[in-house]
Amino acid sequence: MGMKDELESILFLGGDENKVKDLAKFFSISLEDMLKLIEELKEDRKDTGICIEMDADLVYLVTNPKNGEIIHQYFEQEVKPRKLSAAAMETLSIIAYKQPITKREIEKIRGVGVDHIVQTLEERNLVRVCGYRDSIGRPKLYEVSNKFLGYMGISSLEELPEYRQIQEELDGRE
């Protein structure tokens, strides 16, 4: 069994708490070599049911978004995942359509604070920090995750309806 297989096993059992630097230290390799190993594993797994996801300094396994619909169908029949509040769905939609985006930019659009909502979305791994805005305070930039795609039952952001399409549907209801 090679280091890649061992790493994959650790990622499986470690959930979403696997720090890249800790993995490099454990395997006694440089951070750069660990990142290369993770990228190789990510490439190996890209066409399988389980993919490798990186978020800041964490690495973990996720379901392939291509399987989002079948996963949704399977779990829909047993136990529905806890639904998101309307405020959380609105915030999630803003992030999906405007990403990368800061909390302040989301708050400008919504007109209310979103600290708790964004924290909840992060805890549920529906959004992640994808970088930092190069401005005063270096605010975090957020984007949706592959888990978001699975939650929505889509395989890519291109499958999201366009704003005009949504507006037409809403106008048709009135």
_Any heavy-atom pair between the side chains of D47 and K66 that's under 4.5 Å?_
yes
Run the side-chain donor-acceptor check on residues 138-145: report pairs under 3.5 Å with partners two or more places apart or on a different chain.
from: E143; atom 1: OE2; to: R128; atom 2: NE; distance (Å): 2.8
from: E143; atom 1: OE2; to: R128; atom 2: NH2; distance (Å): 3.0
from: S145; atom 1: OG; to: N125; atom 2: O; distance (Å): 2.5
from: S145; atom 1: OG; to: L126; atom 2: O; distance (Å): 3.3
from: S145; atom 1: OG; to: K147; atom 2: N; distance (Å): 3.2
from: S145; atom 1: OG; to: F148; atom 2: N; distance (Å): 3.4

*Is any NZ, NE, NH1 or NH2 atom of the basic residue among E43 and K46 found under 4.0 Å from an Asp or Glu carboxylate oxygen of the other?*
yes
*If you take all heavy atoms of C130 and P100, which pair is closest and at what distance?*
SG-CB, 3.7 Å
*Please answer: with hydrophobic residues joined when any side-chain heavy atoms are less than 4.5 Å apart, are V129 and V114 in the same cluster?*
yes
*Look up atom CD1 in I71 and atom OH in Y151, then write down how far apart they are to the nearest 0.5 Å.*
14.5 Å
_Please give me the minimum heavy-atom distance between A96 and L160, naming the atom from each residue._
CB-CD1, 3.9 Å
_Check whether N64 reaches the backbone of C51 with its side chain - one donor and one acceptor, N or O, closer than 3.5 Å._
no
*E32, CD atom: more than 12 neighbouring heavy atoms under 6.0 Å*: no
*Could you tell me whether the side chain of T48 and the main chain of D44 form a donor-acceptor pair under 3.5 Å?*
no
*Are any of the side-chain heavy atoms of L35 and E39 separated by less than 4.5 Å?*
no
*Decide if atom CZ of R110 counts as having more than 12 heavy atoms of other residues, nucleotides or ligands within a radius under 6.0 Å.*
yes
*asked:* For the backbone of V20 and the side chain of D57, can you confirm whether one donor and one acceptor N or O come within less than 3.5 Å of each other?
replied: no
*Does a side-chain heavy-atom distance below 4.5 Å link D33 with F27?*
no
_L37 side, atom CG; E6 side, atom CD - distance, nearest 0.5 Å_ = 10.0 Å
*Would E8 and R45 satisfy side chain to side chain contact (heavy atoms under 4.5 Å, CB included), going step by step from the backbone distance to the final call?*
CA-CA 10 Å; E8 188 174 35; R45 301 227 43 93; 2.7 Å; yes
_Is it true that, when you exclude K4 itself, more than 12 heavy atoms of the residues, nucleotides or ligands shown sit nearer than 6.0 Å to its NZ?_
yes
*asked:* Hydrophobic clustering (ILVMFWY, side-chain heavy atoms < 4.5 Å, transitive) - are L11 and M54 grouped together?
replied: yes
*Please list, chain by chain and in numerical order, all residues satisfying salt bridge (charged side-chain N to carboxylate O under 4.0 Å, His left out) with E158, sequence neighbours excluded.*
none
*So do the side chains of E159 and M152 get within less than 4.5 Å of each other, counting heavy atoms only?*
no
_Are Y60 and I50 connected into the same hydrophobic cluster when the rule is that any two of I, L, V, M, F, W, Y join if their side-chain heavy atoms are below 4.5 Å apart?_
no
*By side-chain hydrogen bond (donor to acceptor under 3.5 Å, both in side chains), which residues pair with E105, not counting sequence neighbours?*
T102, R133
*Dump the intermediate steps for side chain to side chain contact (heavy atoms under 4.5 Å, CB included) on I101 and I109, then the final yes or no.*
CA-CA 11 Å; I101 188 169; I109 294 168; 4.2 Å; yes
*Is it the case that more than 12 heavy atoms not belonging to K42 sit under 6.0 Å from its NZ atom?*
yes
*Is N18 close to I10 at the side-chain level, that is, under 4.5 Å between some pair of heavy atoms?*
yes
*Side-chain contact, heavy-atom cut-off 4.5 Å: T91 with V127?*
no
*Cluster question for you: counting only ILVMFWY and a side-chain heavy-atom cut-off of under 4.5 Å, with indirect links fine, are L61 and L23 together?*
yes
*NZ of K25 to OG of S30: how many Å apart, nearest 0.5 Å?*
15.0 Å
*What are the two closest non-hydrogen atoms of S156 and L149, and how far apart are they?*
C-CD2, 3.9 Å
*asked:* Taking the basic N atoms (NZ, or NE/NH1/NH2) and the acidic carboxylate oxygens, is any pair closer than 4.0 Å for D115 and K103?
replied: yes
*Could you walk me through whether R124 and L84 pass side chain to side chain contact (heavy atoms under 4.5 Å, CB included), step by step?*
CA-CA 10 Å; R124 293 181 71 178; L84 293 171; 2.9 Å; yes
*asked:* Quick check: is V112 connected to V118 through a chain of hydrophobic side chains (ILVMFWY, heavy atoms under 4.5 Å apart)?
replied: no
*Nearest-0.5 Å distance, CD1 of residue I94 to CE of residue M89*: 11.5 Å
_Side-chain heavy atoms of I106 within contact of I95, under 4.5 Å_ = yes
